[in-house]
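Heads up: the structure comes next, in structure tokens.
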Amino acid sequence: MERLALIANPTAGVAAGRGSRHRLIAAAQNELERSGFQVALQQSQTPEEVTSLAIQAIEAGIARIVVAGGDGTINCVVNGLMQWRQEHGSLGEITLGVVPIGTGNVFAYNMGIPREWRQACRVIRANHKRSIDVGLASHTPTNATSTPITKLKTRNQLPITQSRYFLLMAGIGYDAKVIEDTSLRLKFVLRDFAYALRSLQNVVLHQGTQITLRFDDGRLYANEAWLVMIGNAASYAWDIKVTKHAELDDGLLDICLMPFENK
């Protein structure tokens, strides 16, 4: 019987009640066990613990890791996997599965993973596999004499204090500010509309960010930008495509830049 680590976030899908979330996670565990897996369930609410649980699963010799959570939980697990890869040189045959129970579930949408948990479990049972790219965002603190730039943030609402990996996108400027301003409490009340509310507010309030883009072919772009989106996936949120030509497995990161004009 193949072992499987199920890493779950019981706060994912904040509009649901706590009891409902725990029942959903338990149901997914039972479904995977009925599919023939020996499931080791691990639950955590903090990003650091989720990352650590992914590393512990690898150290325990578990080759199949499944996330029951949203995009933030997936991102934390991926960072655990990539940290292991960086330290040991390879991930070997480790695979990542997803049971989407978060607020947005944008990664699942881009991957074509069903949002309904039973169907997502069937995809895992069928052993469908796909190799995808992983982006890397690094934060370098500005010196005392330079103009501070907006923090580069991945979509799990964690401030960048070191290198961090991402599957979907990393944003500078407007996007980072929206994510920063969207609290867990607001998501609990408004669910998906929490991001829409903060987006509308920051359309008015957000100011430009001084950015510099350097490309491998020697090109340089330095100017104020309202938004810079580095996309590994086409969909920003469901059918909203900011980097519409991006593909998860083409070996490239696409850039969408919106200039800022202070009139």
Side-chain angles (χ1 to χ4, degrees), residues 1-13 21-22 24-26 28-29 32-33 35 37-102 105-108 110-111 113 120-121 123-124 127-140 151-170 179 184 232-233 248-249:
M1 182 178 294
E2 182 179 0
R3 289 192 297 165
L4 181 152
L6 179 61
I7 300 177
N9 177 5
T11 67
R21 291 192 295 270
H22 283 288
L24 185 57
I25 292 168
Q29 178 182 3
L32 291 169
E33 288 175 342
S35 298
F37 295 107
Q38 180 182 340
V39 179
L41 174 63
Q42 299 287 340
Q43 299 190 58
S44 177
Q45 300 178 17
T46 68
E48 295 80 9
E49 287 182 357
V50 170
T51 298
S52 179
L53 288 174
I55 295 173
Q56 291 173 25
I58 301 173
E59 292 174 341
I62 298 176
R64 192 185 294 263
I65 298 174
V66 173
V67 181
D71 294 315
T73 309
I74 296 169
N75 183 268
C76 292
V77 170
V78 167
N79 272 271
L81 300 182
M82 296 306 293
Q83 285 178 28
W84 173 273
R85 181 180 183 274
Q86 186 176 11
E87 293 175 6
H88 297 85
S90 172
L91 278 174
E93 297 298 320
I94 293 173
T95 59
L96 176 67
V98 173
V99 179
I101 61 171
N105 302 307
V106 180
F107 177 71
N110 278 274
M111 289 289 292
I113 297 172
C121 288
V123 172
I124 295 168
N127 202 30
H128 293 303
K129 295 181 182 180
R130 177 182 176 187
S131 296
I132 62 173
D133 305 323
V134 179
L136 175 63
S138 298
H139 172 252
T140 303
K151 290 179 181 178
L152 175 64
K153 287 198 170 187
T154 53
R155 299 209 53 188
N156 61 350
Q157 297 179 277
L158 288 176
I160 296 295
T161 55
Q162 57 185 351
S163 296
R164 192 157 181 84
Y165 297 92
F166 63 94
L167 292 178
L168 293 170
M169 62 207 69
I179 299 301
L184 186 64
N232 189 39
L248 282 162
D249 56 0

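The figures here come from the full heavy-atom set of this structure, side chains too, leaving out hydrogens, waters and symmetry mates.
To the nearest 0.5 angstrom, Glu2 atom CD is 7.5 Å from Asn127 atom CG. A distance of 7.0 Å separates CG in Leu168 from CG in Leu248, rounded to the nearest 0.5 Å. Atom CG of Leu24 is separated from atom CD of Gln29 by 12.0 Å, given to the nearest 0.5 angstrom. We find the NE2-CD1 distance between His128 and Ile113 to be 11.0 Å, quoted to the nearest 0.5 Å. Here the OG1-CZ distance, from Thr11 to Arg21, works out to 6.5 Å after rounding to the nearest 0.5 Å. Here the straight-line distance linking atom CG of Leu6 with atom CD1 of Ile25 works out to 7.5 Å at 0.5 Å rounding.
For the pair Leu136 and Met82, the minimum side-chain heavy-atom distance is 4.5 Å or more. Contact check for Ile124 versus Val99: side-chain heavy atoms found under the 4.5 Å cut-off. In this structure, the side chains of Ile58 and Ile65 come closer than 4.5 Å at one or more pairs of heavy atoms.
The two atoms that bring Ala120 and Val98 nearest to each other are CB-O, 3.8 Å, heavy atoms only. Contact between Leu81 and Leu91 at its shortest, heavy atoms only, is O-CD2, 3.3 Å. Ala28 and Cys121 make their closest contact through O-SG, 4.1 Å (heavy atoms, listed as atom of the first residue, atom of the second, distance). Between Gln86 and Tyr165 the shortest heavy-atom distance is OE1-OH, 3.6 Å. Minimum interatomic distance between Trp84 and Glu59 (heavy atoms only, all atoms of both residues): CZ3-CG, 3.4 Å.
A donor-acceptor pair under 3.5 Å is formed between the side chain of Arg3 and the backbone N or O of Ala60. Of the possible donor and acceptor atoms, none in the side chain of Asp133 sits under 3.5 Å from a partner among the backbone N and O of Asn232. Between the side chain of Asn110 and the main chain of Phe107, no donor-acceptor pair closer than 3.5 Å is present.
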Report task. Would you please test Ile7 and Val66 for side chain to side chain contact (heavy atoms under 4.5 Å, CB included) and show each step? Result -> CA-CA 6 Å; Ile7 300 177; Val66 173; over 6 Å; no
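In summary, the side chains of Asp71 and Asn75 do not present any donor paired with an acceptor at a separation below 3.5 Å, with no hydrogens or angles considered.
Listed by first and then second residue, the side-chain hydrogen bond (donor to acceptor under 3.5 Å, both in side chains) pairs that reach into residues 87-96 come to none, sequence neighbours excluded.
Looking at residues two or more places apart in sequence or on another chain, you find a side chain to side chain contact (heavy atoms under 4.5 Å, CB included) between Ser44 and Thr46, Glu49, Val50, Leu53.
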